[in-house]
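Structure, as structure tokens:
Only a predicted model underlies this, so the values are computations on that prediction, with no experimental measurement involved.
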Amino acid sequence: MPAIRIKDAAALLGVSDDTVRRWIDGGSLASFKDESGRKVIAGDVLAEFARDNASPPPNPLGIASSARNRLVGLVTKVTADRVMAEVQMQCGPFTVVSLMSTESVNQLGLEPGVVAVAVVKATTVIVETPAGTS
């Protein structure tokens, strides 16, 4: 099981190092010392913590859906021609890009500054790991 340093755990969770240390000190997140004496978090413990404490922004649409990959974000750029458009959204630290008809962009009122939800349903999801891990 990988041991994840506090600074790396903070980056993965989108919080500061100090926040991770407060969670450890408060007993919300378990840690241990590695062979170098540094505080680290077991990868499976961090994964469970991330899953249990995930709190996405409220859904501004207020609708129910079977889709689980829903990313609330802010439209940051729309590039459109007569037929097709590219819509860029910032969803937390991630940029999501969607290609759709210009008619759909107009019907949805998509423009920079609009809050929207990107729903992702893909038959192919590629997962990568750093070189040397197995």
Side-chain angles (χ1 to χ4, degrees):
M1 184 57 52
I4 300 172
R5 296 177 65 179
I6 288 177
K7 71 178 185 86
D8 296 328
L12 289 167
L13 296 173
V15 297
S16 70
D17 298 10
D18 288 338
T19 296
V20 173
R21 286 188 186 89
R22 278 193 296 276
W23 287 335
I24 291 169
D25 293 343
S28 299
L29 184 58
S31 70
F32 63 95
K33 292 200 177 191
D34 67 7
E35 54 279 347
S36 300
R38 293 180 300 224
K39 248 184 215 182
V40 294
I41 304 160
D44 60 339
V45 169
L46 185 62
E48 182 179 358
F49 182 85
R51 189 175 49 250
D52 292 346
N53 292 283
S55 56
N59 181 349
L61 304 181
I63 60 170
S65 174
S66 65
R68 295 293 174 250
N69 300 319
R70 301 172 60 80
L71 307 168
V72 177
L74 187 66
V75 174
T76 56
K77 184 177 180 184
V78 176
T79 306
D81 63 19
R82 281 189 34 236
V83 178
M84 294 299 296
E86 176 184 283
V87 177
Q88 293 184 25
M89 292 176 58
Q90 196 65 38
C91 301
F94 304 103
T95 300
V96 176
V97 179
S98 177
L99 301 177
M100 65 183 74
S101 69
T102 299
E103 181 180 358
S104 292
V105 167
N106 294 335
Q107 287 176 344
L108 294 170
L110 297 176
E111 62 183 358
V114 169
V115 175
V117 178
V119 180
V120 180
K121 180 159 176 112
T123 56
T124 303
V125 176
I126 298 168
V127 177
E128 300 175 331
T129 61
T133 60
S134 52

Is the shortest side-chain heavy-atom distance between Thr102 and Arg82 below 4.5 Å?
no
Counting only heavy atoms not in Gln90, do more than 12 fall under 6.0 Å of its CD?
yes
Is any side-chain heavy atom of Lys121 closer than 4.5 Å to one of Val119?
no
Quick check: do Leu71 and Met89 have side-chain heavy atoms less than 4.5 Å from each other?
no
Answer whether the closest heavy-atom distance between the side chains of Thr76 and Thr95 falls below 4.5 Å.
no
What closest approach, in Å, do Gly109 and Val114 show between heavy atoms, and which atom pair accounts for it?
O-CG2, 3.5 Å
Check Ile24 against Ser31 and note the closest heavy-atom contact, atom names and distance.
CG2-OG, 3.4 Å
Taking atom CG of Leu110 and atom NZ of Lys77, what is their separation to the nearest 0.5 Å?
15.5 Å
Decide yes or no for Phe49 and Leu13: does some side-chain heavy atom of the first lie under 4.5 Å from some side-chain heavy atom of the second?
yes
Would you give the length of the straight line joining atom CG of Asp34 to atom CD1 of Ile4, rounded to the nearest 0.5 angstrom?
12.5 Å
So CE of Met84 and OG of Ser101: to nearest 0.5 Å the spacing works out to 6.5 Å
Gly113 to Leu74 - nearest heavy-atom pair and separation:
O-CD1, 3.3 Å
How many angstroms lie between CG in Asn106 and CD in Glu111, if you round to the nearest 0.5 Å?
10.0 Å
Got Ile41 and Val20 here, is their nearest side-chain heavy-atom distance under 4.5 Å?
yes
Minimum heavy-atom separation for Asp17 and Ala10, please, with both atom names.
OD1-CB, 3.5 Å
Per the salt bridge (Lys or Arg N to Asp or Glu O under 4.0 Å) rule, what does the pair list look like for residues 18-32, sequence neighbours excluded?
Asp18-Arg21, Asp25-Lys39
To check you understand the geometry: which heavy-atom pair defines the closest contact between Cys91 and Gly73, and what is its length?
SG-CA, 3.8 Å
Would a 4.5 Å heavy-atom cut-off, applied to side chains only, mark Asn53 and Trp23 as touching?
no
Identify the heavy atoms of Phe32 and Ala3 that sit nearest to each other, and give their distance.
CZ-CB, 4.0 Å
Ile6 side, atom CD1; Arg38 side, atom CZ - distance, nearest 0.5 Å
10.5 Å
Can you tell me how far CD of Gln107 sits from CE of Met100, rounded to the nearest 0.5 angstrom?
11.0 Å
